Visitor: 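Have a look at the structure that comes next, please.
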Amino acid sequence: MSLASFLAELDALAAEAVKAFAAAMDAAALEAARVEYLGAKSGKLKDAQKGLGTVGKDDKPAAGKKFNEVKQAVEAAFAAAQERAGSGDAAVSSGPPFDPSQPGARPRLGHLHPLTQTIDELKDIMGRLGFSVAQGPEIEDERHNFEALNIPQAHPARDPLENFYLATAEKLGAGPMLLRSQTSTVQIRVMEAQRPPVRIISLGRVYRPDTADATHYPMFHQIEGLLVDKHVTMADLKSTLRLFAKSYFGGEVHIRFRPSFFPFTEPSVEVDMQWHDRWIEMGGAGMVDPNVLRAVGYDPDEVSGFAFGLGVERVCARRHHVTDIREFYRNDVRFLEQF
Ligand code: FA5
């Protein structure tokens with residue numbers, strides 16, 4: 001055989017093999033193509049190798065070199081096709097061929113957690129009532145979590161068993177620090193930083209060593225509200241909470257105050273809301289205690305204020321008829337995707 005026709009035969013064979021590998025629709029077809037072209041006994045490449053013996057002596061080195069190049073190229077084409085098969089890609093994967101005229105597969109979109117949605121909505125509602133959002137740290141000192149809130153050293157609320165004190169802070173000699181047990185800490189931080197009038201809300205996580213049950217979780221969220229100005233009264237507190245509840249729940253909502261006690265408000269109340277014929281306790285509230293105003297350098301003869309703190313999980317659970325707030329933390333998508 002002449003060198004020219006040997007080389008032409010090899011080129012044609014290479015092109016044919018590459019085409020066959022690319023067209024193989026599944027692993028079985030690819031294997032059949034491999035045997036046809038690269039098979040050790042009767043593969044087409046093996047047959048072509050026999051032609052080497054028929055070219056002229058002087059042409060042998062060139063023919064041999066070409067044969068090796070073609071063999072490598074065919075092997076590389078097979079390896080590439082095999083890799084595509086492994087990744088389930090394109091032609092070699094089983095299943096129908098790609099049809100660009102079909103509608104695409106819709107990607108699964110996540111959404112915000114129901115509590116995050118609630119927090120955003122509460123910020124919107126209170127924003128419309130003129131309250132801006134303030135933030136405070138989740139790791140607090142005793143001044144902001146207790147002292148300035150009129151909770152003295154011996155008060156049971158400061159018991160280490162009722163709080164998450166941080167052992168590291170003690171070791172560093174930084175003074176006792178704890179995970180804040182209420183967002184009322186932010187009242188103090190805001191009043192320390194600005195003069196009255198104050199009209200803020202603060203939403204965030206708080207921590208208590210409570211046993212988890214249908215209405216308790218050791219980490220939960222509160223919405224704190226604080227308004228300090230001249231001539232603020234309990235009537236302002238009640239109408240603000242009613243407007244808030246009406247906007248969030250919609251429809252007929254009633255607010256009920258029950259006498260209560262918080263060291264940082266006087267008088268203090270528990271806030272209940274009635275919606276769809278059921279009363280539920282939402283949080284605490286009251287008129288800012290003069291001692292708190294004094295602790296931040298405000299004059300209680302000049303200004304007065306109201307404050308409230310509500311549980312976000314409870315508010316959200318009530319509106320969506322969730323009977324156990326632990327659901328919010330189980331991260332079961334079947335629950336979460338309903339919001
Ligand atoms: C307070 O935390 C006060 N700081 C509220 C306050 C603010 C009073 C401003 C006066 C002025 P209390 O401990 O009652 O109060 O908690 C408020 C609300 O948080 C509760 O009514 C409840 O809705 C929610 N809550 C309390 N503990 C948990 C818990 N473990 N899990 C979920 N929600 C809780």
Side-chain angles (χ1 to χ4, degrees), residues 114-115 118-119 122 126 131 134 136 138 140 144-146 148-151 155-159 161-164 178-191 198-228 232 234 236-238 240-241 244-245 248 255-273 279-293 304-319 322-329:
L115 290 175
T118 306
I119 286 170
L122 299 185
M126 293 307 288
F131 287 76
E138 288 179 26
E140 266 296 5
H144 293 91
N145 205 85
F146 300 125
L149 286 165
N150 203 28
I151 307 175
H155 195 283
R158 291 174 71 154
D159 192 318
L161 294 175
E162 300 292 325
N163 295 284
F164 288 115
L178 71 159
L179 298 177
R180 66 179 179 191
S181 60
Q182 50 184 351
T183 43
S184 300
T185 52
V186 187
Q187 290 184 33
I188 303 301
R189 291 198 171 269
V190 169
M191 288 192 286
V198 171
R199 192 186 270 248
I200 59 104
I201 51 160
S202 187
L203 289 117
R205 297 190 186 109
V206 300
Y207 303 83
R208 293 180 193 178
D210 289 346
T211 305
D213 62 22
T215 50
H216 293 84
Y217 211 71
M219 187 277 296
F220 61 101
H221 296 74
Q222 287 187 332
I223 170 171
E224 190 84 10
L226 172 70
L227 187 146
V228 182
V232 178
M234 283 292 262
D236 299 317
L237 170 63
K238 201 165 188 177
T240 303
L241 285 172
F244 165 80
Y248 181 66
I255 299 283
R256 177 171 74 186
F257 282 174
R258 277 180 293 119
S260 185
F261 175 78
F262 296 101
F264 35 92
T265 44
E266 179 59 35
S268 303
V269 291
E270 293 287 348
V271 183
D272 296 341
M273 293 179 193
W279 286 98
I280 173 141
E281 181 196 311
M282 290 291 165
M287 300 304 292
V288 181
D289 193 288
N291 283 343
V292 174
L293 296 174
S304 55
F306 70 66
F308 61 84
L310 315 180
V312 174
E313 281 78 358
R314 301 241 185 125
V315 173
C316 174
R318 178 74 191 92
R319 165 145 140 206
V322 173
T323 49
D324 189 332
I325 67 164
R326 284 171 293 191
E327 293 293 352
F328 292 125
Y329 296 104

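Keep in mind that what you see is a predicted model, and the values were worked out from it rather than measured. Order of listing sets the numbers, starting from 1, for every ligand and every atom in it.
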Visitor: Which atoms of ligand 1 sit under 4.0 Å from any heavy atom of Thr265?
Guide: 10 (C), 11 (C)
Visitor: Under a 4.5 Å cut-off applied to non-hydrogen side-chain atoms, are Cys316 and Leu115 in contact?
Guide: yes
Visitor: Residues two or more places apart in sequence or in another chain: which of them pass side-chain hydrogen bond (donor to acceptor under 3.5 Å, both in side chains) with Arg189?
Guide: Glu140, His144
Visitor: Just to verify, what does Asn150 make a side-chain hydrogen bond (donor to acceptor under 3.5 Å, both in side chains) with, not counting sequence neighbours?
Guide: Asn291
Visitor: Does Gln187 have a non-hydrogen atom less than 4.0 Å from ligand 1?
Guide: yes
Visitor: I'd like to know whether ligand 1 has Thr183 as a neighbour, heavy-atom separation below 4.0 Å.
Guide: no
Visitor: In the protein, what heavy atom is nearest to atom 21 (O) of ligand 1, and what distance, to one decimal place, separates them?
Guide: Gly283 CA, 3.1 Å
Visitor: Of all the non-hydrogen atoms in the protein, which one sits nearest to atom 33 (N) of ligand 1, and at what distance?
Guide: Phe220 CD1, 3.3 Å
Visitor: Considering non-hydrogen atoms of the protein only, which is the closest contact for atom 31 (N) of ligand 1, and what is the distance?
Guide: Tyr217 N, 3.0 Å
Visitor: Quick one: nearest non-hydrogen protein atom to atom 15 (O) of ligand 1, plus distance?
Guide: Phe262 CE2, 3.4 Å
Visitor: Note the single closest protein heavy atom to atom 7 (C) of ligand 1, along with its residue, its atom name and the distance in Å.
Guide: Gly309 N, 3.2 Å
Visitor: So, the side chain of Arg158 versus the backbone of Ile151: is there a donor-acceptor pair under 3.5 Å, distance only?
Guide: yes
Visitor: Closest by any non-hydrogen atom to atom 12 (P) of ligand 1: pick that one out of Arg208, Glu313, His221.
Guide: Arg208
Visitor: Tell me which protein heavy atom sits closest to atom 8 (C) of ligand 1, plus the residue, atom name and distance to 0.1 Å.
Guide: Gly284 C, 3.4 Å
Visitor: Which residue holds the protein heavy atom closest to atom 3 (C) of ligand 1, what is that atom called, and what is the gap in Å?
Guide: Gln182 OE1, 3.7 Å
Visitor: Does Ser184 offer a backbone N or O that forms a donor-acceptor pair with the side chain of Glu224 under 3.5 Å?
Guide: yes
Visitor: Given side chains that start at C-beta, do those of Val269 and Lys238 come closer than 4.5 Å, heavy atoms only?
Guide: no
Visitor: Looking at every non-hydrogen atom in both residues, tell me the closest pair between Ala285 and Leu237 and how far apart they are.
Guide: CB-CD2, 4.0 Å
Visitor: Tell me the nearest of Glu281, His216, Met282, Gln222 to atom 19 (O) of ligand 1, using heavy-atom distances.
Guide: Gln222
Visitor: Below 4.0 Å from any atom of ligand 1, is there a heavy atom belonging to Ala285?
Guide: yes
Visitor: Quick one: look up the protein heavy atom nearest atom 9 (C) of ligand 1 and list residue, atom name and how far away it is.
Guide: Glu224 OE2, 3.4 Å
Visitor: Look only at the side chain of Arg180 and the backbone of Asn145, and say whether a donor-acceptor pair between them is shorter than 3.5 Å.
Guide: no
Visitor: Can you name the nearest heavy-atom pair linking Gly283 to Glu270, along with the distance?
Guide: O-OE1, 3.3 Å
Visitor: Looking at Gly311, which atoms of ligand 1 are within less than 4.0 Å of one of its heavy atoms?
Guide: 18 (C), 19 (O), 23 (O), 24 (C)
Visitor: Numbering the atoms of ligand 1 from 1, which are under 4.0 Å from a heavy atom of Ile325?
Guide: 32 (C)
Visitor: What residue among Arg318, Gln222, His221 forms side chain to side chain donor-acceptor pair (under 3.5 Å) with Glu313?
Guide: His221
Visitor: What atoms in ligand 1 come closer than 4.0 Å to a heavy atom of Asp210?
Guide: 27 (N), 29 (C), 30 (N)
Visitor: Relative to ligand 1, is Thr215 under 4.0 angstrom through side chain, backbone, both or neither, heavy atoms considered?
Guide: backbone
Visitor: So which bit of Glu270 gets within less than 4.0 Å of ligand 1, heavy atoms only: side chain, backbone, both or neither?
Guide: neither
Visitor: Side chain of Arg258, backbone of Asp272: donor and acceptor closer than 3.5 Å?
Guide: no
Visitor: Report the part of Phe264 in contact with ligand 1, treating N, CA, C, O as backbone and CB onward as side chain, heavy atoms under 4.0 Å; options are side chain, backbone, both, neither.
Guide: side chain
Visitor: Below 4.0 Å from any atom of ligand 1, is there a heavy atom belonging to Arg314?
Guide: yes
Visitor: Please examine the side chains of Val271 and Phe257, heavy atoms only from C-beta on, and report whether any two atoms are closer than 4.5 Å.
Guide: yes
Visitor: Between atom CZ of Arg199 and atom CG of Leu227, what is the distance when rounded to the nearest 0.5 Å?
Guide: 5.0 Å
